[in-house]
Amino acid sequence: MADVKTNVKTIVADAVNAFIKEKGLEVSQISFDSLQVVTPPNPEMGDLGVPMFVFAKSFRMAPPQIASGVVALITDKSLGEFIAVGPYVNVKLDKAGAAAPILSAIKNQGDKYGSLNSEGKKPLEGRRVMVEYSSPNTNKPLHLGHLRNDALGESVSRILKMAGAEVYKVDLINNRGVHICKSMLAYKWFHEANGDTPQKLGMKGDHFVGQCYVEFDRWLKGEKDKPETAHPEAAQQAEDMLIEWEKGNPEVRELWQKMNDWTLEGVKETYARTGVSFDKLYMESETYLKGKDQILKGLEKGVFFKAEDGSVRIDVTDVVGKGKDEDNHEKVLLRKDGTSVYITQDIGTAISRHDDWAFNQLVYVVASEQNYHFKILFHILKKLGFDWAKNLYHLSYGLVNLPSGRMKSREGTIVDADDLIDSLHADALKAIQERGRDEEVGNADDVAEKVALGALHYYLLQATPIKDMLFNPEESLSFNGNTGPYLQYMGARINSILAKAKEAGICENTSDEALALLSSEDEWALIKQLGDFPAVVEKAAVNLDPSQVTNYIYETAKAFSKFYQTSSIVNAGNEKLAGARLYLAECTLQVIKNSLNLVLVPYLEKM
């Protein structure tokens, strides 16, 4: 309802200024931007409202008194009837007059509808936002936790872009460290002599390298219930290999590169399958030393200090607060031997990123387990004097758990991303075939894949990011209730309704005379729901919360379902009314398409 809200604010602002003049108040004229438009809790109170609380102090009047006085001075009745409801100036909109700008905006803007706010502007236009997400390790494939991370990062990026921001998506590939060396050692011990490769074994590269990682852990710990078969020396061997890697040992580096390539090739296949993409990949192997110079410069300036053991540290009491645990009040930035720690790398990477693409904001999509890490990172960058550090944000999200508990990749109990999607795909295909819809939907296998992705992404995004969640595949695939497949079904159903109406010779009618016939409670509720989409996009973008979009889609689907139960198109009994309802249904489908895209749920024409 962007245009309608803009007009409401203009009319009320003019009346407030007239009220100031009439009362002889010694205050400045108010601006259009000082007003807020809200939705009353009860439709009988009006369709939109403007609170007067903001003027109470400067006017030295009670808000209800201001509201009554302002309403008395409103002469423009083009939008409908303005009434004072307590401290609010509310308006009962003229339905035909309000419906036209909402529906025409949807029709004219198409897949761009949702990008303009109530002032007719892109709310985040001019903002440059870098979003980091995924951050896989090159010793294993993506798992369920990565899928939530990827869904959040990709969805937030799309929402920010819809709201007008320039978005740059980055991925930090964790491709060095002792965990990588563990997979490398297992390959040398158990596969190299056989000439094993992913291609030879018929495996995705990331799956093969992940298998090596599990094999190392089993070798280290020994077979179950047989401690005598353990090989504790393997841990030191991995540490020794890392030292050789850091020295640039050609043999170690060659194996490392080969296994990194295998993993990345497999991970990129999963990215393509799930609709995730990046503008740039950063490699930890190229960034892990970059923060060291900044730490040494900070040491010279007195930002950091050298501890008795020779390590370089920072006092983080300002971040963690005063408490009994003195160990948490100092953060090591360089070990006593001068080597970097993980946060040192992140300092260098953040600086490099701003040099590469000068962002206004950098959003890190990382699980809540790293809350402390990011508080310290942002604190250090501010201490180093980087002004842009105040715009760093950690989008903290809860863990995804299984019915059996948490995932442990080194023990082989991980929920592999590809396996999970394959399972959802198989179940979706089975459901299509059991319903006898495999021929009707066209390519049943393609539809099943899109249903699987819709089920997965919607389920992962419908909860607010910070909440821990239990992923239930059966629930996610349900065609009833608040699920991706249900919303895909609603999109397909509306598409079918439109096709049948057009086959019956009905044409859309956008005239004011026809739109004036959309006067029932269900028709008007749907129109208002469609008009709220731009505000939902803006709020989701500001809060970095895709769940606000998923909730909106479900409410829109329910509003359409209720509308269609009482408002037939083919049997409207009136050509103009039928055309107006067809127009409303077309606009509803456009909004559903736009919103589904924001949360990575593929739209289906048939289902």
Side-chain angles (χ1 to χ4, degrees), residues 132-147 149-150 170-220 234-235 237-278 280-288 345 407-423:
E132 179 201 283
Y133 57 104
S134 197
S135 301
N137 295 314
T138 55
N139 66 318
K140 55 189 175 183
L142 299 177
H143 55 62
L144 177 56
H146 285 113
L147 289 175
N149 185 304
D150 291 351
V170 299
D171 189 0
L172 177 62
I173 309 297
N174 300 302
N175 68 338
R176 64 164 295 279
V178 71
H179 54 298
I180 308 297
C181 294
K182 291 177 180 179
S183 292
M184 293 164 63
L185 281 171
Y187 176 79
K188 287 178 67 68
W189 293 337
F190 310 123
H191 299 282
E192 189 172 48
N194 299 326
D196 289 344
T197 66
Q199 293 78 13
K200 179 181 176 181
L201 299 176
M203 300 176 67
K204 280 184 73 202
D206 51 338
H207 290 193
F208 175 57
V209 176
Q211 176 182 300
C212 292
Y213 186 61
V214 173
E215 289 170 346
F216 177 90
D217 191 67
R218 290 173 179 168
W219 177 257
L220 174 71
Q237 289 174 292
E239 295 282 355
D240 293 342
M241 179 175 269
L242 178 59
I243 292 172
E244 289 301 309
W245 181 89
E246 293 190 357
K247 288 180 179 178
N249 182 307
E251 182 183 344
V252 173
R253 284 289 180 124
E254 182 181 358
L255 176 60
W256 168 79
Q257 187 64 60
K258 178 166 65 175
M259 296 186 72
N260 262 242
D261 290 345
W262 285 342
T263 305
L264 281 177
E265 183 180 340
V267 167
K268 287 178 180 179
E269 285 181 31
T270 308
Y271 285 157
R273 183 180 190 183
T274 55
V276 171
S277 64
F278 298 93
K280 183 169 182 177
L281 302 181
Y282 285 85
M283 302 294 171
E284 184 180 337
S285 58
E286 300 170 356
T287 65
Y288 81 107
Q345 166 201 293
M407 298 174 290
K408 298 178 182 178
S409 58
R410 64 181 177 274
E411 296 176 5
T413 58
I414 190 171
V415 179
D416 178 87
D418 296 309
D419 291 346
L420 176 60
I421 300 171
D422 286 345
S423 176

Novice: For the residue pair V178 and E239, establish whether any side-chain heavy-atom pair is separated by less than 4.5 Å.
Specialist: yes

Novice: Report yes if some heavy atom in the side chain of P198 is under 4.5 Å from a heavy atom in the side chain of K204; otherwise report no.
Specialist: no

Novice: If you compare all heavy atoms of P136 against all heavy atoms of H146, which two are closest, and at what distance to 0.1 Å?
Specialist: CA-NE2, 3.7 Å

Novice: Of all residues at least two apart in sequence or in a different chain, which pass the side chain to side chain donor-acceptor pair (under 3.5 Å) check with Q257?
Specialist: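 With neighbours one apart ignored, the set is D261.
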
Novice: Say you draw a straight line from CG of N260 to CD1 of I180; how long is it, rounded to the nearest 0.5 Å?
Specialist: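 Output value for this atom pair is 6.5 Å.
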
Novice: Looking at D206, is its backbone amide N or carbonyl O close enough to the side chain of T263 to form a donor-acceptor pair, meaning the two atoms are under 3.5 Å apart?
Specialist: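 Looks like no, no N/O pair under 3.5 Å.
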
Novice: Quick one, Y288 with E246, criterion side-chain contact (heavy atoms from CB on, under 4.5 Å). Give me CA distance, side-chain angles, the key distance, then yes/no.
Specialist: CA-CA 11 Å; Y288 81 107; E246 293 190 357; 4.0 Å; yes

Novice: Return the minimal non-hydrogen interatomic distance between L220 and A235, and the atom names on each side.
Specialist: CD1-N, 3.8 Å

Novice: Side chains of Y187 and D196: is there a donor and an acceptor less than 3.5 Å apart?
Specialist: no

Novice: Is the shortest side-chain heavy-atom distance between C212 and W262 below 4.5 Å?
Specialist: no

Novice: Just verifying a value: how many Å separate Q345 CD and T287 OG1, rounded to the nearest 0.5 Å?
Specialist: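 Rounded to the nearest 0.5 Å, the CD-OG1 separation comes out at 4.0 Å.
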
Novice: List the residues meeting side chain to side chain donor-acceptor pair (under 3.5 Å) with E265, not counting sequence neighbours, and say none if there are none.
Specialist: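 Checked E265 against side chain to side chain donor-acceptor pair (under 3.5 Å); zero matches.
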
Novice: Under a 3.5 Å threshold, yes or no: a donor from one side chain and an acceptor from the other, between S285 and N175?
Specialist: yes

Novice: Checking the side chain of K182 only, and the main-chain atoms of F216 only, is there a donor and an acceptor separated by less than 3.5 Å?
Specialist: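 No: the side chain of K182 does not pair with the backbone of F216.
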
Novice: Kindly indicate whether the side chain of H191, heavy atoms from C-beta on, has any atom under 4.5 Å from the side chain of Q211.
Specialist: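 Of all side-chain heavy-atom pairs linking Q211 with H191, at least one is under 4.5 Å.
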
Novice: Within the side chain of K188, is there an N or O that forms a donor-acceptor pair under 3.5 Å with the backbone of L255?
Specialist: no

Novice: Would you compute the distance between atom CG of L142 and atom CZ of R273 and round it to the nearest 0.5 angstrom?
Specialist: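 Going from the CG atom of L142 to the CZ atom of R273 covers 12.0 Å.
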
Novice: For residues P141 and D416, report the shortest heavy-atom separation together with the two atoms involved.
Specialist: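 It is CG-OD1, 3.1 Å.
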
Novice: What I'd like to find out is whether the side chain of L185 reaches to under 4.5 Å of the side chain of M241, using heavy atoms alone.
Specialist: yes

Novice: Considering only heavy atoms from C-beta outward, does the side chain of V276 approach that of Y133 to under 4.5 Å?
Specialist: yes

Novice: Report yes or no: does S423 contribute a side-chain atom to a donor-acceptor pair with the main-chain N or O of D419 at less than 3.5 Å?
Specialist: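 A pair under 3.5 Å: no.
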
Novice: Hey, could you give me the CG/CZ distance between N137 and R176, rounded to the nearest 0.5 Å?
Specialist: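 Rounded to the nearest 0.5 Å, the CG-CZ separation comes out at 11.5 Å.
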
Novice: Can you list everything that forms a side chain to side chain contact (heavy atoms under 4.5 Å, CB included) with N249? Sequence neighbours excluded, please.
Specialist: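 In terms of side chain to side chain contact (heavy atoms under 4.5 Å, CB included), with neighbours along the sequence ignored, N249 is linked to E244, E251, V252.
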
Novice: Can you confirm if the NZ or CZ of K280 lies within 45° of the ring axis of Y282 and under 6.0 Å from the centre of its six-membered ring?
Specialist: yes

Novice: How close do A238 and C181 get, heavy atom to heavy atom, and via which atoms?
Specialist: O-CB, 3.7 Å

Novice: Please find the pair of heavy atoms, one from Q237 and one from W189, that lie closest to each other, and give the distance.
Specialist: OE1-CZ2, 3.6 Å

Novice: After noting the C-alpha distance and the side-chain angles of L420 and L144, does the key distance pass the side-chain contact (heavy atoms from CB on, under 4.5 Å) rule?
Specialist: CA-CA 8 Å; L420 176 60; L144 177 56; 3.6 Å; yes

Novice: Indicate whether any N or O donor in one side chain lies under 3.5 Å from an N or O acceptor in the other, for D418 and H207.
Specialist: yes

Novice: Nearest 0.5 Å please: distance from the CE atom of M184 over to the NE2 atom of H179.
Specialist: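 That separation rounds to 11.5 Å.
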
Novice: If I compare all heavy atoms of L264 with all of M283, which pair ends up nearest, and what's the gap?
Specialist: CD1-CE, 3.9 Å

Novice: Between N174 (side chain only) and S135 (backbone N and O only), is there a donor and an acceptor less than 3.5 Å apart?
Specialist: yes

Novice: Rounded to the nearest 0.5 Å, what separation is found between the OG atom of S134 and the CG atom of D150?
Specialist: 3.5 Å

